[in-house]
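Here, residue 1 is the first one in the sequence, and each next residue gets the next number.
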Amino acid sequence: MRYLYIGLIVAFTALVLLFKVQNFQTATVSLFSLSVTLPVSLLLIGVYVLGMLTGGFVLALLRGSVRGARG
């Protein structure tokens, strides 16, 4: 089972690296007067991390609301 997990980690890492190499074009994101030009892969990783953070905050907010409604 240990070798299966190692194999899955290696395969996932290879897919992430392949994605990064294939999406090395740059994209510009603008907000108000600020603009940032980064590779598409880094922008995607940033959006993913921001989604995890906001999803965690929403989940914590919902948990607090449910606990407050019960008690």
Could you tell me the separation between the CD atom of Q25 and the CG atom of L38, rounded to the nearest 0.5 Å?
13.5 Å
Considering only heavy atoms from C-beta outward, does the side chain of V40 approach that of F24 to under 4.5 Å?
no
Working to the nearest 0.5 angstrom, can you tell me the gap between L17 CG and F12 CZ?
10.0 Å
Calculate, to the nearest 0.5 Å, the distance between atoms OG1 and CG belonging to T37 and L42 respectively.
12.0 Å
From L43 atom CG to T26 atom OG1, the distance as rounded to the nearest 0.5 Å
9.0 Å
Start with the C-alpha gap between V36 and T28, add the side-chain angles, then the distance that decides, and say whether side chain to side chain contact (heavy atoms under 4.5 Å, CB included) holds.
CA-CA 5 Å; V36 176; T28 302; over 6 Å; no
Walk me through it: do R2 and I6 pass the test side chain to side chain contact (heavy atoms under 4.5 Å, CB included)?
CA-CA 6 Å; R2 180 176 162 189; I6 292 172; 4.2 Å; yes
Qualifying residue, where the test is side-chain contact (heavy atoms from CB on, under 4.5 Å) with T13 and the options are V16, V10, I9:
I9
Single-linkage hydrophobic cluster L8~M1, side-chain heavy atoms < 4.5 angstrom:
yes
